[in-house]
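In what follows, a single structure is set out as structure tokens and then discussed.
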Amino acid sequence: MKRIGVLTSGGDSPGMNAAIRAVVRKAIYHEVEVYGVSYGYAGLIEGDIKKMELGSVGDIIHRGGTILYTARCEEFKTEEGQKKAIAQLEKFGIEGLVVIGGDGSYRGAQKLTEHGFPTIGVPGTIDNDIPGTDFTIGFDTALNTVIDAIDKIRDTATSHERTYVIEVMGRHAGDLALWSGLADGAETIVIPEADYDFDAIISRLKRGQDRGKKHSIIVVAEGVGSGFEFGRSIQEATKMETRVTVLGHIQRGGSPTGFDRVLASRLGAKAVDLLLDGKAGVTVGIQRNELVYHDINEALSRPHTIDQEMYKLSQELSI
Ligand code: ADP
């Protein structure tokens, strides 16, 4: 393989730039040419493709977002769209592709491989919801952004003796809520992977109030429902003043943490090694601090799970 491509797709995440950098530099290290595709699969269909040099990825390792931009593309979900994309790759003489993105982007990568075009997935999403890896690129940064925000909310919650409901991102995955809730000593963590007992939440809040607790923090993953509705129900049931903060897109931005930069560098470089080794239709990941790879189909067929021991611990520590 003498020429490969790289793109970012779906929701962006901090550390994607570090992953692009690793793909470009590792390929050039192996004397392989690299082409960057802008705007994900949409740019691939349009042929928005440019050669990248060592300098193209200079000064980006610490920047959030993605210099290749990202997009969602309905056309790519059709066979016709996929064929157009492959025709563009062939036109540029590209023989393999690295796709940095979430599970939707992985489905696209799988389709390219099924059509005979070797593609490797690199997990880039703040949701940490890709099976086959303990961590996705961007999760640690987003986690620290949430922690920082909750720390600030805690100050005002204490001053006003209020209950705060904080809605964090995670449509289908509660990792961000669980980790930030545990890291911030939240009274209650509500995630899509676990049933919750509303009455038990209310009793716990009341018990806290009775023993003179100045505030309560409840972290809700967006996948469970609206933080505002949750807050309204809490206020009605407890008669405590309750405020709601939806953290929203600030969770996607910012300079990647050291952990994310190192993870992105390792996974990006590994993707290049796998492509050059003739692998296709696989996703790279990290498990127990070792780089691993799995068949994308197999990874996507496994449901996302949370760490039950951690969830139990969060409950035990918030009695
Ligand atoms: P993420 O990768 O962050 O999960 P999306 O789910 O929006 O983001 O997926 C990103 C893009 O991947 C979509 O806009 C589409 O172009 C492509 N994609 C998603 N699902 C499929 C599919 N089943 N087949 C082909 N392409 C897909």
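Note that ligands are numbered from 1 as they come in the structure, with each ligand's atoms numbered from 1 the same way. Scope of the values below: all heavy atoms of this structure, side chains included, with no hydrogens, waters or symmetry mates.
- Protein residues having at least one heavy atom under 4.0 Å from any atom of ligand 1 are Ser9, Gly10, Gly11, Tyr41, Arg72, Cys73, Phe76, Lys77, Gln82, Gly102, Asp103, Gly104, Ser105, Arg107, Gly108, Lys111, listed by chain and number.
- Judged purely by distance below 3.5 Å, without hydrogens or angles, the side chains of His215 and Thr158 pair a donor atom with an acceptor atom.
- Residue Tyr69 belongs to a hydrophobic cluster whose other members are Tyr39, with links defined by side-chain heavy atoms closer than 4.5 Å.
- Applying the ring-ring contact (aromatic ring centres under 6.0 Å, His included) rule to pairs touching residues 113-148 yields Phe135-Trp179, Phe135-Phe259, Phe139-Trp179, sequence neighbours excluded.
- Under a 3.5 Å cut-off, the side chain of Lys213 and the backbone N or O of Asp210 do not form any donor-acceptor pair.
- Residue pairs satisfying the side-chain hydrogen bond (donor to acceptor under 3.5 Å, both in side chains) criterion with at least one member in residues 19-29, sequence neighbours excluded, are listed as follows: Lys26-Asp273.
- Here the rule is side chain to side chain contact (heavy atoms under 4.5 Å, CB included) with Val146, and of Asn144, Ile150, Asp148 only Ile150 fits it.
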